[in-house]
Protein chains: 4
Amino acid sequence: MARPRQLPEIKRRIPRQARAGETVGAILEAAAQILEAGGLAAFTTNAVAERAGVSIGTLYQYFADKNALLRALAEREMQAALVRVAAAMAGDGDASLEGRVRATVRAIISAFGGRQRARKAVVQAILAQGLGIETMGPVAAFIARQPQTMKVALTREQVFVLSRAVMGTIRAAVLEEQPFFKSRVFEDELVRLALAYLDSLKQITVRE
Amino acid sequence: MARPRQLPEIKRRIPRQARAGETVGAILEAAAQILEAGGLAAFTTNAVAERAGVSIGTLYQYFADKNALLRALAEREMQAALVRVAAAMAGDGDASLEGRVRATVRAIISAFGGRQRARKAVVQAILAQGLGIETMGPVAAFIARQPQTMKVALTREQVFVLSRAVMGTIRAAVLEEQPFFKSRVFEDELVRLALAYLDSLKQITVRE
Amino acid sequence: MARPRQLPEIKRRIPRQARAGETVGAILEAAAQILEAGGLAAFTTNAVAERAGVSIGTLYQYFADKNALLRALAEREMQAALVRVAAAMAGDGDASLEGRVRATVRAIISAFGGRQRARKAVVQAILAQGLGIETMGPVAAFIARQPQTMKVALTREQVFVLSRAVMGTIRAAVLEEQPFFKSRVFEDELVRLALAYLDSLKQITVRE
Amino acid sequence: MARPRQLPEIKRRIPRQARAGETVGAILEAAAQILEAGGLAAFTTNAVAERAGVSIGTLYQYFADKNALLRALAEREMQAALVRVAAAMAGDGDASLEGRVRATVRAIISAFGGRQRARKAVVQAILAQGLGIETMGPVAAFIARQPQTMKVALTREQVFVLSRAVMGTIRAAVLEEQPFFKSRVFEDELVRLALAYLDSLKQITVRE
DNA sequence: GATGAATGAGTGTTCATTCAT
DNA sequence: GATGAATGAACACTCATTCAT
């Protein structure tokens, strides 16, 4: 009959017992599965709770509302993507620009490879919340940092264009479910795109 | 969006009278306004009907369901974008590759410039319906056609990368509401991106 | 996922068809019955809709929320009480002060006589909404007007004490479900209370 | 408030240790504070437990359910009011009828003076439980006893009218949050009301 | 063709209460 | 005795859609 509002907080309760940690994990995993199986339309708090094997009340003990759950999921997914990218780069001996660009592109593609639908839904949901790509920030920032190892100083517009062109193309391939998504050919073209753009910047920079 | 499923048909009734045509137009315009003002959350069939000044029953006389309305709106917007792109190219004397690329980029940007929120919402909604960019196909196809005027034959992956890189970056700027969205600098970088990629293809093609 | 707020309005839709008018009446009647039968605890919007024989959606087509329904009910009840009081006075030939006071007291008591529980619940609910007795204002104002026919000018505190003493006592009898509620003896004491207070005011006024 | 019914018992466990006594006290104080700060809407068992610094489980160790907590609170408040009334009378040398009536009225008013919101909420809640004024009984009984020191024997209806008229008027002032609530003028009128009524009874009694 | 009253499945969310630890 | 994670019935409310008029 009345609802006092609070500031948006992702988690309502910090789990202090071991059991609680498992519960949160189960809920997030269930959320990802629901999203994967039925997209955003099937993503209801009741459905998530049921699949997680917990009561709806328990879900709300850890997540303030539906959006908080979505945000937490997005963060988890993005964190995982970041780890993959970093790992891919660390394990690669090829320190050339192309080597690094390729490793990054590949890591992002493979990060989007599993559970495409879930990721798609998460992306959509995040956008719908108006949170923009900021939530995906870590990955974008990571991409943005790479050119700094070159002698080229990028403007913010150039960083934006480079990172969004690569990620936007990958995202389009995911969303459109393109068959060549994981092919070597596609990867090659993305690498070419990034290198060509960086190369054109270097020439200009040198020229001036 | 709930209820019994039927074959997806955009329009339930083809308007044959002038009055009916006006009604459809009014509904679509109302839909765009609602979307612009309140985003997807405010986009309810009742709200659209009310703003259009028709009864909810009348709305359903022309649109099978909410999604059909959204699809029709997307088509209208895309058609308009296409007209702008074509017009921009026709009116420009600069027939060089850069001239054409720039005109295209500018047309797309300006197409997204008005009613950003509405367009954002439409894009989200279209994606949510799983229709992918196919609905945006005409524009993508248009972009894809341009390189053919060069001596370069593009593979489908290359067409995809080129078109999605440009559109994806623009879309990201829209969705993230970047301040430099309509700046000349941003436009320059997009042009550079496209030209650099095309240039890298030419070299390779020539080489082989 | 989001809820735009609106100003509190009692009715959401003004019924324009005959059918709608009946529906509103049925809903209010059902609300009164539910309240009468089970008190505030049983008063759920779903229960009211079901008893009214309409869908929950229809209820919300006419009442913005649960409180709006309660407010509408309170107004209806208070209006009815007012009519009874006015009618009681008009039909009585005894124009003496005691005659008028007695008629008023009797009308109020009998107004509270039917559907006591419903009235009790309405009163509680109105108070819980923080609307205070203002909603019951018409009756209180009516009471307040009576002494003006005497030669006594009452201060606002005196009007308050007189009206609330009478109504408060009656209300207490209702809420406590006192057995003597409708007895002549109880009525006599209320009349005595009002007359004694008025009399004490007159003496003072005269004196000064 | 839902769930299986049991016999109404206020306290589930009688605290025998000092620590337990403090716990009960802390819970009641927390309950009063919550009520004062946020009204009945904010009064949840979890909120009370949290503010009291005990776990929800502990709260339920001492109070069978939410209503029991409310009842205990009402009793505590009423007891405190009673003490004030008694103290006010004992310390007053003016043993005249008016002196005693005035002291009583003043004590009740001041009892309602602090933490008005909490008291208002308690009153509402008690009424909502259908417990009526019986819980407030001690005070009413106390009031009722006063006239016995006179030579007037009151009927139960007269006791009821006298006590409820005074308390009802004060309660109305609290609930309506009247600005003159603590003014001398208001107190005067209440005293006048009580004396006038008592006086009218004496005359009648004497006459017959 | 148009209307708009009516529908009702479905959603997010709360909170009193229990019980294993 | 104390804890707090878990429960789940219950509720208010929305909105796409239908169909009698």
Side-chain angles (χ1 to χ4, degrees), chain A residues 1-3 13 15-24 43-47 49 54-67 69, chain B residues 1-4 13 15 17 19-20 23 41 43-50 54-67 69, chain C residues 1-3 13 15-24 43-47 49-50 53-67 69, chain D residues 1-4 13 15 17 19-20 23 41 43-50 54-67 69:
Chain A
M1 235 156 163
R3 295 285 140 81
R13 168 185 290 278
R16 295 185 202 165
Q17 297 186 1
R19 187 164 38 139
E22 293 168 20
T23 301
V24 169
F43 187 72
T44 69
T45 52
N46 286 289
V54 301
S55 73
I56 181 64
T58 296
L59 186 154
Y60 275 92
Q61 205 127 44
Y62 295 104
F63 299 94
D65 55 28
K66 198 186 181 183
N67 285 339
L69 176 54
Chain B
M1 247 159 163
R3 291 306 174 76
R13 171 182 293 279
Q17 300 182 1
R19 184 156 52 122
T23 301
F43 186 72
T44 69
T45 51
N46 286 288
V48 170
E50 190 177 3
V54 301
S55 73
I56 182 65
T58 298
L59 186 153
Y60 273 90
Q61 208 117 42
Y62 292 107
F63 299 94
D65 55 28
K66 198 188 184 185
N67 285 337
L69 176 54
Chain C
M1 238 156 160
R3 296 283 140 82
R13 171 185 289 277
R16 295 185 201 165
Q17 298 185 2
R19 189 166 33 141
E22 293 169 19
T23 300
V24 169
F43 187 72
T44 70
T45 52
N46 286 291
E50 190 176 5
V54 301
S55 73
I56 182 64
T58 296
L59 186 153
Y60 275 91
Q61 205 126 45
Y62 295 105
F63 300 94
D65 55 27
K66 199 185 179 184
N67 285 339
L69 176 54
Chain D
M1 245 156 165
R3 291 305 172 79
R13 170 181 294 278
Q17 299 182 2
R19 184 155 52 120
T23 301
F43 186 72
T44 68
T45 51
N46 286 290
V48 170
E50 190 177 4
V54 300
S55 73
I56 181 63
T58 298
L59 186 153
Y60 274 89
Q61 208 118 41
Y62 293 106
F63 299 94
D65 56 29
K66 198 188 183 184
N67 285 338
L69 176 54

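Proteins get letters first, then strands, A, B, ... in listed order; numbering begins at 1 in each.
Atom CG of D/N67 and atom P of E/dC15 are 15 Å apart (whole Å). Residue A/F63 contributes atom CZ, which lies 14 Å from atom P of F/dA5 at whole-angstrom precision. Note: CZ (C/F43) to P (F/dA10) measures 18 Å, nearest angstrom. Between the CD atom of A/Q61 and the P atom of E/dT13 there is a distance of 15 Å, given to the nearest Å. In this structure, D/L59 places its CG atom 11 Å from C1' of E/dA16, rounding to the nearest Å. Look at CD1 on A/I56: it is 17 Å from P on F/dC11, rounded to the nearest Å. For the pair B/L69 CG and F/dT17 P, the computed distance is 11 Å after rounding to whole Å.
An OP1 or OP2 oxygen of F/dC15 is reached within less than 4.0 angstrom by no side-chain nitrogen or oxygen of B/T45. Phosphate contact (OP1/OP2 of F/dG8, side-chain N/O of A/S55, threshold under 4.0 Å): absent. Checking the phosphate oxygens (OP1, OP2) of F/dG8, no side-chain nitrogen or oxygen of A/T58 falls inside 4.0 Å. OP1 or OP2 of E/dA6 lies within a sub-4.0 Å distance of a side-chain N or O belonging to C/Y62. Considering only side-chain N and O atoms, C/Y60 lies nowhere under 4.0 angstrom from the phosphate OP1 or OP2 of F/dT14.
Among the heavy atoms of the strands lying under 4.0 Å from B/T44 are primed sugar atoms or P, OP1, OP2 only; no base atom is included.
Partners of D/T58 by side chain to side chain contact (heavy atoms under 4.5 Å, CB included), not counting sequence neighbours, listed by chain and number: D/T23, D/V54, D/S55, D/Y62. For C/Y60, the side chain to side chain contact (heavy atoms under 4.5 Å, CB included) partners are C/R12, C/T45, C/I56, not counting sequence neighbours.
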Practice item. Under 3.5 Å for both distances, Watson-Crick or G-U wobble, that's the pair rule; now give the dot-bracket for DNA chain E, with | marking pairs to another strand and [ ] for crossing ones. Key: .||||||||||||||||||||

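A donor N or O paired with an acceptor N or O is found under 3.5 Å between the base of E/dA16 and the side-chain atoms of D/N46.
When all heavy atoms of B/L69 and B/F63 are compared, the pair lying nearest together is CA-CD2, 3.8 Å.
Across the interface with DNA chain F, nearest-nucleotide mapping of B/A47 and B/G57 shows B/A47 to be the residue nearer the 5′ end.
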